[in-house]
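Starting from 1, each residue takes its place in the sequence as its number. Nothing here was measured: the structure is a model prediction, and the numbers come from that model.
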Amino acid sequence: MGKAKVNLSTDNLIDQIETVRFDLNMNPLGIPDSVTKAITNNIPQLSTYPDPTYKRLKESISEYCKADKEDLVIGCSSYELTKLLIEFNSPKKALLVTPGSQAYENLLKLNGCEIIYYNTKEEEDFVLDIADFISCLNEDIDMVFLSNPNCTTSTVIDRESVEFIVKVCAGNDIFLVVDEEYMDFVKDKDECTSIPLVSDYDNIAILRNTTKFFAVPGLRLSYLITSNIVFRKTLEIAGFPYSISKLAEAAGIDMFKDASYISDSNSVINTERNLVYAALSVHKSIKLYKPAANFILIKLLKDNISAQDVADYLVNKGLYIRNCSDIMGLSNKYIRLCFMNPKQNDLLVNTLLEFV
């Protein structure tokens, strides 16, 4: 039986269907129960100051990511921690990879730093050419920033390759910052993370946060891992206490020990990443870039369809994706979307393929 057509404005249409944020790269499982319980149980503790040493929190993080407790610096955001690293290093010239994170640019520019870019190639699927990249490192560069997995392309660099980079950086007095915001989503994260390199090199810092994997952007909890004693001592002398709230501290202590949530998240993401990739890969109107994280970069191959066209079509269905036309190194032919729960992913795949 045919259905009667109802004329709805775009606003009314969105109001009547679920809005799904495939553009935020957030864990579809949502806030862990451990976080909710910890915050509820610790509300009376708001009358006390956090532990300035974050002893219990550092123990929890250390057990979770296999980092030495002494190498941990706690902060409210990766932005804050990056700011501290830039102020400590006072770089005159920094190297960024494109496509990639643009979050560091403003901080570098505010500190009067010249930015140079290393462009990964579309014909090589935006995979970083390690040998060529290393050849670009010299004594004129003070800092290098890598996002691993890449926050735009979802490609991952193996630890051996990062070690090659950090060795060359050390020889040229370059400080390397590796942003592992999405490393928790990687299937073989223990083999890919650069955390084990920290014990051997003091010119590397690794950024981690809880926003994406634990789905708690409002919690404001991040951490940095480095063996650079001068940097850590500088923070102590300058005074860097109470960078997070008492509730964030309490939530973090329990959250990193939430084995059930962590296991369920890994299972869901691994399964949905494979299913979505398989469902989209058979269609010749798009090109997929093999994802390692919880999101995928897609190129639109039809001449008459742009990223904005796709984004507009999907938003009318309540589905938000990332139009990548404003990202350096890409164009109006690229979109990015993350993996949500099975029902939501089915809806997105079917709706996307209706249009492209």
Side chain to side chain contact (heavy atoms under 4.5 Å, CB included) assessment of Ile165 paired with Phe133: CA-CA 8 Å; Ile165 294 171; Phe133 182 73; 3.9 Å; yes

What's the spacing between [X] [atom1] and [Y] [atom2] if we round to 0.5 Å?
| X | Y | atom1 | atom2 | value |
| --- | --- | --- | --- | --- |
| Asp179 | Leu146 | CG | CG | 9.5 Å |
| Asn25 | Asn294 | CG | CG | 5.0 Å |
| Met143 | Leu108 | CE | CG | 7.0 Å |
| Glu70 | Ser62 | CD | OG | 9.5 Å |
| Asn323 | Asp23 | CG | CG | 11.0 Å |
| Leu275 | Leu280 | CG | CG | 11.0 Å |

Any residue meeting ring-ring contact (aromatic ring centres under 6.0 Å, His included) with Phe256, in chain and number order, not counting sequence neighbours: Tyr64, Phe214, Tyr223

Identify the heavy atoms of [X] and [Y] that sit nearest to each other, and give their distance.
| X | Y | value |
| --- | --- | --- |
| Leu107 | Ile86 | CB-CD1, 3.7 Å |
| Gly252 | Leu57 | C-CD1, 3.6 Å |
| Ser245 | Pro50 | C-CG, 4.1 Å |
| Asn270 | Phe185 | OD1-O, 4.3 Å |
| Met340 | Arg21 | SD-O, 4.1 Å |
| Pro196 | Ser199 | O-OG, 3.2 Å |

Other cluster members, Leu297 - Ile/Leu/Val/Met/Phe/Trp/Tyr, side-chain contacts below 4.5 Å: Phe126, Tyr289, Ile327, Leu330, Tyr334

Verdict with supporting geometry, Asp309 and Ser306, side-chain hydrogen bond (donor to acceptor under 3.5 Å, both in side chains): CA-CA 5 Å; Asp309 294 332; Ser306 70; 3.1 Å; yes

Thr53/Asp51 under side-chain hydrogen bond (donor to acceptor under 3.5 Å, both in side chains): CA gap, chis, key distance, verdict: CA-CA 5 Å; Thr53 68; Asp51 171 13; 2.8 Å; yes

Check: Phe295 ring centroid to Tyr182 ring centroid under 6.0 Å: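 So the answer is yes for these two rings.
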
Pair Phe22 and Tyr320, ring centroids less than 6.0 Å apart: no

Cluster link [X] to [Y], ILVMFWY, side chain under 4.5 Å:
| X | Y | value |
| --- | --- | --- |
| Leu95 | Phe164 | yes |
| Ile296 | Val282 | no |
| Leu288 | Val186 | no |
| Leu24 | Leu337 | no |
| Val127 | Tyr277 | no |

From CA spacing to verdict: side chain to side chain contact (heavy atoms under 4.5 Å, CB included), Tyr118, Asp132: CA-CA 10 Å; Tyr118 180 88; Asp132 187 60; 2.7 Å; yes

In the structure I gave you, are the side-chain heavy atoms of [X] and [Y] within less than 4.5 Å of one another anywhere?
| X | Y | value |
| --- | --- | --- |
| Met26 | Cys338 | no |
| Ser325 | Gln308 | no |
| Phe175 | Ile204 | no |
| Gln344 | Phe339 | no |
| Thr226 | Asp202 | no |
| Lys187 | Arg273 | yes |
| Ile174 | Asn203 | no |
| Ser101 | Thr152 | no |

Can you tell whether the side chains of [X] and [Y] come within less than 4.0 Å, N to carboxylate O?
| X | Y | answer |
| --- | --- | --- |
| Arg159 | Glu163 | no |
| Lys233 | Glu236 | yes |
| Asp71 | Arg232 | yes |

Backbone N or O of [Y] within a donor-acceptor pair of the [X] side chain at under 3.5 Å?
| X | Y | answer |
| --- | --- | --- |
| Thr211 | Val216 | no |
| Asn148 | Val178 | no |
| Asn228 | Phe231 | yes |

Side chain to side chain contact (heavy atoms under 4.5 Å, CB included) between Asn209 and Leu221, intermediate numbers included: CA-CA 6 Å; Asn209 68 50; Leu221 174 59; over 6 Å; no

side-chain hydrogen bond (donor to acceptor under 3.5 Å, both in side chains) between Ser34 and Asp258, intermediate numbers included: CA-CA 7 Å; Ser34 56; Asp258 195 339; 2.7 Å; yes

Give a yes or no on whether [X] atom [atom1] has more than 12 heavy-atom contacts from other residues, nucleotides or ligands under 6.0 Å away.
| X | atom1 | value |
| --- | --- | --- |
| Glu63 | CD | no |
| Ile229 | CD1 | no |
| Ile31 | CD1 | no |
| Glu124 | CD | yes |

Intermediate values then yes/no, side-chain hydrogen bond (donor to acceptor under 3.5 Å, both in side chains), Thr155 and Asn150: CA-CA 5 Å; Thr155 56; Asn150 186 287; 5.0 Å; no

Trace of the salt bridge (charged side-chain N to carboxylate O under 4.0 Å, His left out) decision for Asp125 with Lys287: CA-CA 10 Å; Asp125 291 346; Lys287 176 180 178 177; 2.9 Å; yes

Going by atom type alone, with no hydrogens or angles, which donor-acceptor pairs under 3.5 Å involve a side-chain atom of residues 347-356 and a protein atom two or more places apart or on another chain?
residue : atom : partner : partner atom : Å
Asn350  : ND2  : Asp346  : O            : 3.1
Thr351  : OG1  : Leu347  : O            : 2.6
Glu354  : OE1  : Tyr313  : OH           : 2.8

Working for salt bridge (charged side-chain N to carboxylate O under 4.0 Å, His left out), residues Asp184 and Arg208: CA-CA 9 Å; Asp184 288 326; Arg208 289 284 192 95; 3.3 Å; yes

Asn172 and Glu139: side chain donor to acceptor below 3.5 Å: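 No, no side-chain donor-acceptor contact under 3.5 Å.
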
Audit row: Ser222, Glu80, side chain to side chain contact (heavy atoms under 4.5 Å, CB included) steps and yes/no: CA-CA 9 Å; Ser222 296; Glu80 174 193 53; over 6 Å; no

